[in-house]
Amino acid sequence: MNPELYSQHLDTVAQRWQAALDFAGFEAAVVAAGRPRDYFLDDRAAPFQPNPHFAQWFPDGDCAESMLLIRPGHRPRLFFHQPRDFWHQPPRLPAWADANLDAAVFAEVDDLRDAVAAAMSGCNRPAYVGEEAPGNLGAADHNPALLLNHLHFHRAAKTAFEVDCMARANQRAVAGHTAARAAFESGASEFDTHLSYLAAARQTPEQLPYHSIVAQNRHAGVLHYQHYDREPPEPLLSFLIDAGASECGYAADVTRTYAADGDGDFAALVRDMDTAQRRLIDGIRPGIGFADLHAAAHRAVAELLASHGIVRCTPDAALETGITRAFLPHGLGHLIGLQVHDVGGQQASPEGGLRPPDPAYPALRLTRTIDTDYAFTIEPGLYFIPMLLDELRDGPAGSDVNWDRVEHFAPFGGIRIEDNVVVTGDGVRNLTREAFARHA
Ligand code: GLY
Ligand code: MN
Ligand code: MN
């Protein structure tokens with residue numbers, strides 16, 4: 001936590017809230033962190049994830065039941081929950097919050113909510129932003145779309161504090177990736193590799209922004225492979241790791257792919273994908289459409305398929321017939337920040353309205369025109385996914401595919417290379433490559 005950047009960040013967040021409240025016609029808003037949820041018929045709670053609108057003001061996850069009152073022209077008021085609890089360690093009010101917010105501490109949730117209700121009663125038309133509105137606060141407009149659309153649209157542009165958090169999250173993730181690569185090279189299983197990752201990233205699984213994908217051999221062709229085999233396969237051919245880290249609630253989302261045989265065909269394909277990924281990033285400027293970048297990624301995959309003998313047709317033909325869609329079925333990237341797939345990726349304007357992707361690319365989450373300070377991932381992939389390849393084989397373009405070559409690569413699963421970038425005036429800051437360079 002950089003206190004100076006945090007304080008500047010709060011100024012920007014306050015300006016955005018003022019604009020959003022004005023636009024949506026509200027004088028104030030209560031923002032609730034949320035509460036932990038118990039599993040069905042159990043007294044154990046699922047890991048708590050705060051409301052991201054709360055987290056942007058209060059970047060610490062130890063905040064269950066706390067609330068904020070945002071009222072332009074007034075200092076933000078924090079109603080901080082600190083239960084009297086000898087079963088757990090109660091949260092403590094952080095010094096940075098006390099210094100920047102008008103904070104009051106409550107031991108009882110009911111007292112906290114009563115205090116919020118009393119504060120709200122002094123406001124004309126308050127909004128309530130949170131998962132569920134408690135009874136005594138339920139009269140306020142609950143998650144009004146005009147307010148949320150405005151906030152979500154502007155959240156794409158990150159403050160210097162947010163970029164700093166994401167840079168640190170990338171450094172944690174890259175420490176984990178470096179250890180995981182060494183574990184793979186020593187022949188470790190998926191499970192043991194993930195333990196190495198966690199130890200080096202210094203995070204628990206609950207702290208990670210998403211369930212790590214640690215995939216050896218054919219598992220690398222399962223886009224969100226979720227298991228951790230306790231034994232390595234024989235022979236161990238390939239390794240795809242998509243694993244992130246969090247810093248003050250901000251996510252890193254990083255993928256690398258490795259070949260066991262550094263001189264083989266799969267290693268060459270990985271190297272060429274790495275080059276293609278860097279070229280895509282080199283082309284990013286404010287003002288370009290992300291959908292155009294996604295189309296450029298498909299062209300790059302078409303060229304890889306042709307140059308590695310996986311198709312017999314030209315790259316143009318592989319694009320036109322839709323062959324590349326069987327090898328790259330996900331989007332090139334997504335906004336990233338407080339949520340690993342951050343909100344607003346398909347929003348057309350602050351007022352709302354969606355810009356859906358081309359129906360040929362239904363999985364594309366980001367369709368916006370790129371602007372300065374936007375943070376997103378660039379994650380082209382090329383996979384050998386039996387379900388999609390079976391459809392391709394049976395379709396009209398099946399004869400353009402070199403199926404012997406597909407059989408050759410299928411045991412390696414697939415490739416994804418994923419970096420997190422922030423757009424600058426004339427290009428990007430690549431938080432992931434920067435962290436790998438520091439780690440080298
Ligand atoms: N880790 C999920 C993704 O790359 O979007
Ligand atoms: Mn990822
Ligand atoms: Mn991603």
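As the structure lists them, so they are numbered: ligands from 1, and atoms in each ligand from 1. The chain is numbered in sequence order, starting from 1.
Shown here is Arg279, whose CZ atom has no more than 12 heavy atoms of other residues, nucleotides or ligands within 6.0 Å.
Between Phe184 and Phe239, the distance separating the two ring centers is shorter than 6.0 angstrom. A distance of 6.0 Å or more separates the ring centres of Tyr383 and Phe327. For an aromatic pair to be called close, the ring centres must be under 6.0 Å apart, and Phe58 with Trp96 satisfies this. Residues His211 and His227 place their aromatic rings such that the two centres sit no closer than 6.0 Å.
Neither side chain, Gln203 nor Tyr197, offers a donor N or O lying under 3.5 Å from an acceptor on the other. In this model, no donor atom of one side chain and acceptor atom of the other lie less than 3.5 Å apart for His294 and His330.
Considering both main-chain and side-chain atoms, Glu418 comes within under 3.5 Å of ligand 1 through a nitrogen or oxygen pair.
Around the Mn ion (ligand 3), protein N, O or S atoms at less than 2.8 Å number 4.
The ligand atoms of ligand 1 that sit less than 4.0 angstrom from a heavy atom of His341 are 2 (C), 3 (C), 5 (O). Listed by atom number, the atoms of ligand 1 under 4.0 Å from Asp242 heavy atoms are 1 (N), 2 (C), 3 (C), 4 (O).
In terms of protein heavy-atom proximity, atom 3 (C) of ligand 1 is closest to Asp253 OD2, 3.3 Å.
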